[in-house]
Amino acid sequence: MKIQKKLDDFVLDKEWEVRKGEVISLFGPSGSGKSLSLQAIAGLVTPDDGYIEINEQLIFHKERKICVPSRDRGIGYVPQNYGLFPHMKIDENIMFGMVEKDKNIKEEKMMKLLSCVGLENKRNKYPQHLSGGEKQRVAIVRALATNPKVLLLDEPFSAVDIPIRKILRNEIKEFLTRWNMPVVLVTHDPEDVEVLATEVVDYC
Amino acid sequence: MKIQKKLDDFVLDKEWEVRKGEVISLFGPSGSGKSLSLQAIAGLVTPDDGYIEINEQLIFHKERKICVPSRDRGIGYVPQNYGLFPHMKIDENIMFGMVEKDKNIKEEKMMKLLSCVGLENKRNKYPQHLSGGEKQRVAIVRALATNPKVLLLDEPFSAVDIPIRKILRNEIKEFLTRWNMPVVLVTHDPEDVEVLATEVVDYC
Amino acid sequence: MNWSPVYLSLKIAFYSTVITAFIGIPMGWLLARGRFIGKDILSSIVTLPMVLPPTVLGYYLLILIGRQSIIGRWLQSAFNINLVFTWQGAVLAATIVSLPLMIRGVQASIESVDTNLEDVARTLGKSEWTVFFRITLPLAWQGIVAGTVLAFARAMGEFGATLMVAGNIPGKTQTLSIAIYDAVQGGNYQQANFLVVLISVITIISLLLLNKFTYIRKW
Amino acid sequence: MNWSPVYLSLKIAFYSTVITAFIGIPMGWLLARGRFIGKDILSSIVTLPMVLPPTVLGYYLLILIGRQSIIGRWLQSAFNINLVFTWQGAVLAATIVSLPLMIRGVQASIESVDTNLEDVARTLGKSEWTVFFRITLPLAWQGIVAGTVLAFARAMGEFGATLMVAGNIPGKTQTLSIAIYDAVQGGNYQQANFLVVLISVITIISLLLLNKFTYIRKW
Amino acid sequence: SPQNKGKQLTEKNELHIAAAASLRFAFEEIGMVFEEETNTKVIFQFGSSGNLAQQIINGAPIDLFVAADTKFVEDLIENGDIIEETKNVYAIGRIVLAVNRNANIEATTLEDLLSSDIKHIALANPNHAPYGLAGKEALENKGLWDLMEEKLVYGENASQTMQFVQMGNAPVGIIPLSIANVEEIDFFLIDEELHNPIEQMLGVVSHSNNQEFAKDFAKFVNSTEGRIIMKKYGFDLP
Ligand SMILES: Nc1ncnc2c1ncn2[C@@H]1O[C@H](COP(=O)(O)OP(=O)(O)OP(=O)(O)O)[C@@H](O)[C@H]1O
Ligand SMILES: Nc1ncnc2c1ncn2[C@@H]1O[C@H](COP(=O)(O)OP(=O)(O)OP(=O)(O)O)[C@@H](O)[C@H]1O
Ligand code: MOO
Ligand SMILES: [Mg+2]
Ligand SMILES: [Mg+2]
């Protein structure tokens, strides 16, 4: 994909690709436009130029005037600080995005996902009662519940302490290999890149 | 010193000492009461029990009902995020706490301090126009301008990127050895402890 | 003691608050989240009724919907509706006066909702409609309740504009506020005392409840 | 055209805003930073005049400072001061009505000042007094200006309480708001139009200026 | 002492007169002439007689009270607020049926008000406006009051009642003759047998420190010059 975006005092101009099973890492300092790139892919900001393609399907193309709205892109997005809905319990958070009509099927799927990350017993808790790592897992699982074609993770470890970071990093690594899905990971921590990424896009 | 403080759902109970030329590091995870300890020393929160002594002078003692107010403790405090006054220029920030009456003497002292940290040319800038590292140096120099008996630094690197952190760490190390003043450093980054601290208090 | 001003004020405040909510919530959302030219100006216009004297608003209403105005005549001939000197006129006056409180309250509370959460809901496949009703609105809840209560109170107490537009017809447009004025004018201090004590008690209780209520409802 | 209601309203609003600022800024600070029992209740009491109908406030003032009240009689005999039906009475009414706006505005803007900065100033050897005037106040500046402007506007437009406490004496207590009401009553639409247009223009300009001003002054 | 009350409230060369709203037009003219002849300043505050009486009871800085009936002045005398010796019936008022010219309503008598085309009838609040009370009495004597009560819109005082008709928001109303003569209104006298005579009384306020001045104005109203003006505005004179 190729993105160009002009902001008040900032110009973003990048081009890169990600494939199944890959974890591509956008690496760079604060303010270099990493989050902005993810938001453009997710359809939350509109680039000024360029194109974005997923599975051979164009979801954005400036010249051809294509711009699929966010809700139809099929992209799993986990923002900085996770973005869990504070007024919904964990199970409600996860079922919120599911397209299945049947309540029971949704419940079943939700429980399966929760057990994947070992949080079955937290389903009735509100997000504020979870630890940082638990929140993160719920956010990822919530994104996966909509069967996305690609998963975007924005600084998944920035809110947690350094010792806990190490644990979470390994946890996610295992998790991602199991799911075998293209992942875009934003970080400014070189260790994240080292442990997780199969490829790096430099945003310095 | 020995501090006890009960909060709504948290109890702090620590005892340690710091001497000239030492950099003692309070190390531990988020929420373990590190910042709270500094605030107690600075006189910004009142402990429930214990005592605090600086240079053989009691500034807090529960039983003897001693509690010197913050402004008379002679403590240099650099909070998380530096706490520079956004409505004052750098020079105003630094001169704010000086006790000297004469305007010229204050200016002179301020310029000397600024040149120590290589920021003479920023004196007319507002804090928002400084980088994280520059802000930090100004905050430290502002604290030193009041000739404190001890310097408290709360997570000095938490707001800056990892690559810049390394540079700042070394800068401060040099700086502290030059000043030869007791320093209490709060951090949850093991690298900080390794590079800077002469002693560690564990808050885990 | 004559209770009719109390019922009437409650009725007028109720209707005006419903209308206010229907206009104020979308407007507040627009001002908080919308991006369009003239937003600054719209925001100023919306504040106007809050800072203009009530009699000025009353005067505008009078020349806008009065018998001799174009709108007034049209309403009269097309629908046989006459707003002046009716309780519906009082509702109109109360609505205009309390609308800014509602809009500002809603705007502030929607602005305080993290746009990240709305964005996430979009990526989870939800329409703008769903985002608003499932995410924004529930999260802005407290501020909206507070705004509504303030708007209701303002509507209950409206005096100047109501007096000019709706007059002072006992049982029809003589609201609490006007009844108190009327009682004092006529030297009927017994009725005035009764109404003043009543409304004071109601108001104090609602304020205390509001305080409690907004503290309870947080996650 | 008779300009005296305009001058009078400006004078009354000016005095009341000065008093409001003197009471409102410390009160706002107390509610934002103070820690004491009964803070909740004080906060509710302070909001009361915002939600009580103006005629209720007028009535309370009348029985509190009127000639037949204890306070009124004492003021009369000790200082030969009579507040009822004088412009000073109008100032009192305007002050009470606009005080909540000021207090709330100051409170909100002081609450938004980072307490860390105040703490740092303390460790730099400063007294509470200095901390307030050199740190808190300058940082809360915008909100305080906004609160003051709103309080001024509210004072300018006060109608109900003023009418009851200060009456309708041309040149003495006939404020803009009341002059408009009086002109309409007397069928003097020329004077009403003049005043209504004048106050509308003044208000719109102040609102736009306020918008500009609060945007300019940020660091 | 009563002499001391309100000492600094009114300035010596300024006369504060609280006058019934029905006197609005007549007194604006009389006031102008009086100001010219005596080189002084007269400030009128118009309102319903009852409202003005309440203000005086509460200590409003008023020198002369000119009511639209006798009752409010007598009450104030009893209360000690008006100097008994200064009371004086200066005029007798009349009420008219006022009809807005653009309202397309044919009404010349009180019975005509029964028409279903008439939705609102303006009347000054009989609780504190004497002209409203007179209107009420007239309707009661005709046996119309109970039939009309639903349609009544109370003006705060006589002149607001007139304004309701003038603006057409109420197509008809019962108002004083003295303020009925405006462009937008046709008016028809109501038989004075239908109500108690509207004897209007004035009196000097006892806490005024301008009492001589107030008496001068009262005298002027009863002077030949004053009476000409009062007559012009339709008052009967005693
Ligand atoms: N809505 C916006 N309007 C204007 N500028 C913006 C907007 N959002 C972001 N920016 C600017 O765009 C630049 C890139 O921001 P972005 O959030 O993508 O950085 P980042 O690489 O994610 O940094 P960080 O590590 O701090 O999250 C920054 O300079 C930021 O100030
Ligand atoms: N004013 C307060 N009232 C009640 N609890 C408080 C208050 N301030 C802090 N706490 C609680 O005290 C505990 C210690 O807080 P403290 O800020 O000292 O942690 P910390 O070790 O500095 O963590 P961090 O690394 O996140 O800064 C936390 O649980 C915090 O929630
Ligand atoms: O006292 Mo009046 O003149 O009937 O309003
Ligand atoms: Mg980012
Ligand atoms: Mg801390």
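Keep in mind that this is a model prediction, so the values were computed, not measured. Below, chain A is the first sequence line, B the second, and so on; all start at residue 1.
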Engineer: Please round to the nearest 0.5 Å and tell me the distance separating atom CZ of C:Arg122 and atom CZ of A:Arg71.
Structural biologist: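 Those atoms lie 9.5 Å apart.
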Engineer: With chain C as the partner, which of A:Gly97, A:Gly83, A:Gly43, A:Ser70 has the greatest number of non-hydrogen pairs under 4.5 Å?
Structural biologist: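 Of the candidates given, the most pairs with chain C belong to A:Ser70.
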Engineer: A quick test of your reading: do over 12 heavy atoms of other residues, nucleotides or ligands sit less than 6.0 Å from CD of A:Glu108?
Structural biologist: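 It does not: A:Glu108 CD has 12 such atoms or fewer within range.
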Engineer: Take a 6.0 Å sphere around CD1 of C:Ile41 and say whether it holds more than 12 heavy atoms from other residues, nucleotides or ligands.
Structural biologist: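 No, the 6.0 Å shell around CD1 holds no more than 12 heavy atoms from other groups.
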Engineer: For chain C, which residues from residues 140-148 of chain A lie under 4.5 Å away (heavy-atom distances)?
Structural biologist: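 A:Arg142, A:Ala143, A:Thr146, listed by number.
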Engineer: I'd like to verify something: which residue of C:Val120, C:Thr130, C:Asp114 has the highest number of heavy-atom pairs under 4.5 Å with chain A?
Structural biologist: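 Greatest number of close heavy-atom pairs with chain A: C:Val120.
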Engineer: Let's test your reading of the structure: which of C:Asp119, C:Thr115, C:Val131, C:Asn116 forms the most heavy-atom pairs below 4.5 Å with chain A?
Structural biologist: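 The answer is C:Asp119.
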Engineer: If you take all heavy atoms of A:Phe96 and C:Ile135, which pair is closest and at what distance?
Structural biologist: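 Looking at all heavy atoms of both residues, the shortest contact is CZ-CD1, 3.8 Å.
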Engineer: Give me the one residue out of A:Leu44, A:Val78, A:Ile75 that meets side chain to side chain contact (heavy atoms under 4.5 Å, CB included) with C:Thr123.
Structural biologist: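 Of all the options given, the one that passes is A:Leu44.
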Engineer: Would you say that more than 12 heavy atoms from the other residues, nucleotides or ligands in this model lie under 6.0 Å from the CZ of C:Phe133, or not?
Structural biologist: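 Buried by this count: over 12 neighbours within 6.0 Å.
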Engineer: To the closest 0.5 Å, what do you measure between CZ (C:Arg134) and NE2 (A:His87)?
Structural biologist: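 Going from the CZ atom of C:Arg134 to the NE2 atom of A:His87 covers 7.0 Å.
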Engineer: Which bit of A:Leu84 is near chain C, if near means a heavy-atom gap under 4.5 Å: side chain, backbone, both or neither?
Structural biologist: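 Only the backbone of A:Leu84 comes within 4.5 Å of chain C.
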Engineer: Only counting residues at least two apart or in another chain, list the ones meeting ring-ring contact (aromatic ring centres under 6.0 Å, His included) with C:Phe36.
Structural biologist: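 If we apply the ring-ring contact (aromatic ring centres under 6.0 Å, His included) test to C:Phe36, skipping adjacent residues, there are no hits.
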Engineer: Within the supplied structure, the quantity of interest is the number of heavy atoms (other residues, nucleotides, ligands) at a distance under 6.0 Å from C:Lys39 NZ; does it exceed 12?
Structural biologist: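 Atom NZ in C:Lys39 is crowded, with more than 12 foreign heavy atoms closer than 6.0 Å.
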Engineer: Which residues satisfy the side-chain hydrogen bond (donor to acceptor under 3.5 Å, both in side chains) test with A:Thr187, sequence neighbours excluded?
Structural biologist: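 Once residues adjacent in sequence are excluded, the partners of A:Thr187 under the side-chain hydrogen bond (donor to acceptor under 3.5 Å, both in side chains) criterion are A:Asp192.
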Engineer: Is atom NZ of A:Lys106 surrounded by more than 12 heavy atoms (other residues, nucleotides or ligands) closer than 6.0 Å?
Structural biologist: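 Yes, enclosed.
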Engineer: With sequence neighbours left out, write down each residue that passes ring-ring contact (aromatic ring centres under 6.0 Å, His included) with C:Tyr60, or none if nothing qualifies.
Structural biologist: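 For C:Tyr60 there are no ring-ring contact (aromatic ring centres under 6.0 Å, His included) partners, ignoring immediate neighbours.
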